Amino acid sequence: MGKQEDFVLRALEERDVRFVRLWFTDVLGFLKSVAVAPAELEGAFEEGIGFDGSAIEGFARVYESDMLAKPDPSTFQVLPWRSEGPATARMFCDIVMPDGSPSYADPRFVLKRTLTQAAEKGFTFYTHPEIEFYLFKGEPAPGEHPVPVDRSGYFDHTAQSMGTDFRRHAITMLEAMGISVEFSHHEGGPGQNEIDLRYADALTTADNIMTFRTVVREVALSQGIWASFMPKPFTQHPGSGMHTHVSLFEGDQNAFFEGGAEYHLSKTGRAFIAGILRHAAEITVVTNQWVNSYKRLIGGGEAPPYICWGHNNRSAMVRVPMYKPNKGQSTRIELRTIDAACNPYLAFAVTLAAGMKGIEEAYELPREAEDDVWSLTDRERKALGIDPLPRSLDDAIAIAESSELLADTLGEHVFDFFLRNKRAEWNEYSRQVSVFERDTMLPVL
């Protein structure tokens, strides 16, 4: 065993950890967990913990079901919400086959494989997510309208606000687990909040997002409220996105920065944006994977429904933030499509793959969008060469099915399962009779 494994085994004794939860993520982005006793951990490091892969969404067919979860010791953290009784810790796992080879169904492996391909070209991929979510008064019952915990708005500071107290507790827990938070504030919708995680390499960030969702839900439940990352819970209020700032580094140098260039954005940075734009429609099924995701994208607010980029333009899909003097290392781009309910491993993998394709093929960056893209007419957008993103999950699936980039990035197994699952979701959704149909048609038809 290595130094990290030894550190974990010592920490178990020193901190009286009695249970270790091994976490991993299914293809749809749902967190899975199996608890092991500390005495089993040394064997888990060496051989992994066996489980039935056919019982996990998208992992394996019945006749190839045996899989192993191997804990990553670098992700060891004690869970701070287990304050009573013996301590509980967690580690993320890599999923492997019985012969020790990586499972191609493991979303974490999909991202690691894509990061390795970028590393072979000298690049490290960094991400910084701004995660939005709603807080409701108790778990919403089926058929009932959810009730937000407050009526505050963007950046509001309200005395004795439940949201303020919630964010303080959540951030304290996140930082106790080594997850640094940069900003937090009330968002535009009633009961809507945002917490921004600090820049980190994409794999660490994806792990942190999975932990973040768990912490947010745990803190909410402890306060008798309910947290949801649903992309668009209300028709009349903003959806919950996960605007993600991304950059590439070559060693310790930001590959997106070039002093004296327009917006101080390098040729590499421009080609990366061009890659995202050219492949935007193909990857949307992953960055916005739910039926409800498209209610956010076409519903206005700050969600971008059109494929374009702009300098400090918040109506654009890709925004280049304003350059700060002597801050070349912070040069980055912001992708505004991703929502808070995505599988972060797959979303980061396809974003990186699209950007890297732009660099490898030397894509030309199209003209930037200088206007408020939402306020333009369809004819004006067409004249500017601004195409729409998919308008529904059905549209996104149809485009994705013929995407070579998506198939190569996700791998055959994940690509096939993911799209079959999304098609089933769309078909089930299409069969449902909505409240809108009953309210508008029953009285008149």
Side-chain angles (χ1 to χ4, degrees), residues 110-127 201-202 244-287 304 306-313 316-323 328-338 346-370 373 381-389 399-400 402-411 415:
V110 171
L111 177 55
K112 289 173 79 170
R113 180 177 58 204
T114 312
L115 292 170
T116 298
Q117 291 165 354
E120 288 170 352
K121 294 176 171 61
F123 295 114
T124 306
F125 185 47
Y126 288 91
T127 56
D201 67 274
T244 302
H245 297 253
V246 306
S247 61
L248 290 178
F249 271 66
E250 292 180 285
D252 58 0
Q253 295 299 311
N254 189 334
F256 283 4
F257 173 72
E258 183 182 328
E262 186 180 27
Y263 309 139
H264 299 274
L265 188 64
S266 69
K267 184 178 178 181
T268 297
R270 297 175 71 84
F272 192 93
I273 297 173
I276 289 177
L277 297 180
R278 185 175 299 191
H279 298 286
E282 300 166 51
I283 67 174
T284 299
V285 74
V286 175
T287 58
Y306 301 102
I307 301 170
C308 58
W309 75 282
H311 174 55
N312 220 31
N313 184 344
M317 175 187 158
V318 177
R319 182 176 78 95
V320 179
M322 190 174 293
Y323 172 74
Q329 293 295 77
S330 66
T331 300
R332 63 199 186 280
I333 65 172
E334 179 189 18
L335 180 59
R336 299 175 65 79
T337 41
I338 303 179
L346 300 185
F348 289 167
V350 299
T351 299
L352 175 58
M356 289 301 298
K357 190 74 169 177
I359 293 170
E360 292 159 16
E361 302 289 335
Y363 289 173
E364 284 292 324
L365 185 62
R367 176 182 167 189
E368 72 172 293
E370 298 177 351
V373 182
R381 280 189 288 266
K382 191 171 183 179
L384 292 170
I386 298 174
D387 294 323
L389 283 164
I399 295 167
S402 58
S403 171
E404 189 176 318
L405 176 99
L406 206 60
D408 288 346
T409 304
L410 299 182
F415 179 75

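As the structure is a prediction and not an experimental result, all values here were calculated from the model.
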| request: For P304 and T337, work out which heavy atoms get closest and say how close. | output: CG-CG2, 3.8 Å
| request: Rounded to the nearest 0.5 Å, what's the gap from OG1 on T114 to CZ on F348? Could you check? | output: 12.5 Å
| request: Spell out, as yes or no, whether a donor-acceptor pair under 3.5 Å connects the side chain of S266 to the backbone of A255. | output: yes
| query | Rounded to the nearest 0.5 Å, what separation is found between the CD1 atom of I307 and the OG1 atom of T284? | reply | 6.5 Å
| field | Minimum heavy-atom distance V110-A349, with the two atoms named | value | CG1-CB, 4.0 Å
| field | Exam field: side chain R113 to backbone T409, donor-acceptor pair closer than 3.5 Å | value | yes
| request: State whether the side chain of Q329 and the backbone N or O of D252 hold a donor-acceptor pair below 3.5 Å, judged by distance alone. | output: yes
| message | Under the criterion side-chain contact (heavy atoms from CB on, under 4.5 Å), I'd like the reasoning laid out for I338 against T351: C-alpha separation, chi angles, the key distance, then a yes or no. | response | CA-CA 10 Å; I338 303 179; T351 299; 4.2 Å; yes
| Mind checking whether L248 and I359 have side chains closer than 4.5 Å, heavy atoms only? | yes
| note | In this structure, CZ of F249 is separated from CZ of F125 (nearest 0.5 Å) by 12.5 Å
| task | Grab the two heavy atoms, one from A118 and one from L352, that are nearest each other, plus how far apart they are. | result | CB-CD2, 4.0 Å
| Has the side chain of W309 got a donor or acceptor atom that lies under 3.5 Å from a matching backbone atom of P366? | yes
| message | Please evaluate residues M356 and F123 with respect to the criterion side-chain contact (heavy atoms from CB on, under 4.5 Å), reporting the C-alpha separation (whole Å), side-chain torsions for both, the decisive distance (0.1 Å), and the verdict. | response | CA-CA 10 Å; M356 289 301 298; F123 295 114; 3.7 Å; yes
| task | For the pair H311 and Y263, name the ring-plane relationship: parallel under 30°, tilted 30 to 60°, perpendicular over 60°. | result | parallel
| query | Which heavy atom of L405 sits nearest a heavy atom of A353, and at what distance? | reply | CD1-O, 3.7 Å
| query | Atom OG of S403 and atom CZ of F415: how far apart are they, to the nearest 0.5 Å? | reply | 6.5 Å
| Between E361 and R278, is a salt bridge (charged side-chain N to carboxylate O under 4.0 Å, His left out) present by the stated rule, with each step listed? | CA-CA 11 Å; E361 302 289 335; R278 185 175 299 191; over 6 Å; no
| remark: Value for CD1 (I273) from OG1 (T268), rounded to nearest 0.5 Å, stands at 11.5 Å
| Going from CZ on R319 to CG on L335, what distance comes out if it is rounded to the nearest 0.5 angstrom? | 12.0 Å
| Are side-chain heavy atoms of L277 and L365 found at a separation under 4.5 Å? | yes
| message | For P321, is there any backbone N or O sitting under 3.5 Å from a side-chain donor or acceptor partner on R332? | response | no
| side-chain contact (heavy atoms from CB on, under 4.5 Å) partner of V350, the single match among V285, L111, T287 | T287
| field | Minimal non-hydrogen separation, A354 against I283, with atom names | value | CB-CD1, 4.4 Å
| request: Taking all heavy atoms of A316 and all of G310, pick out the closest pair and write down the distance. | output: CB-N, 3.7 Å
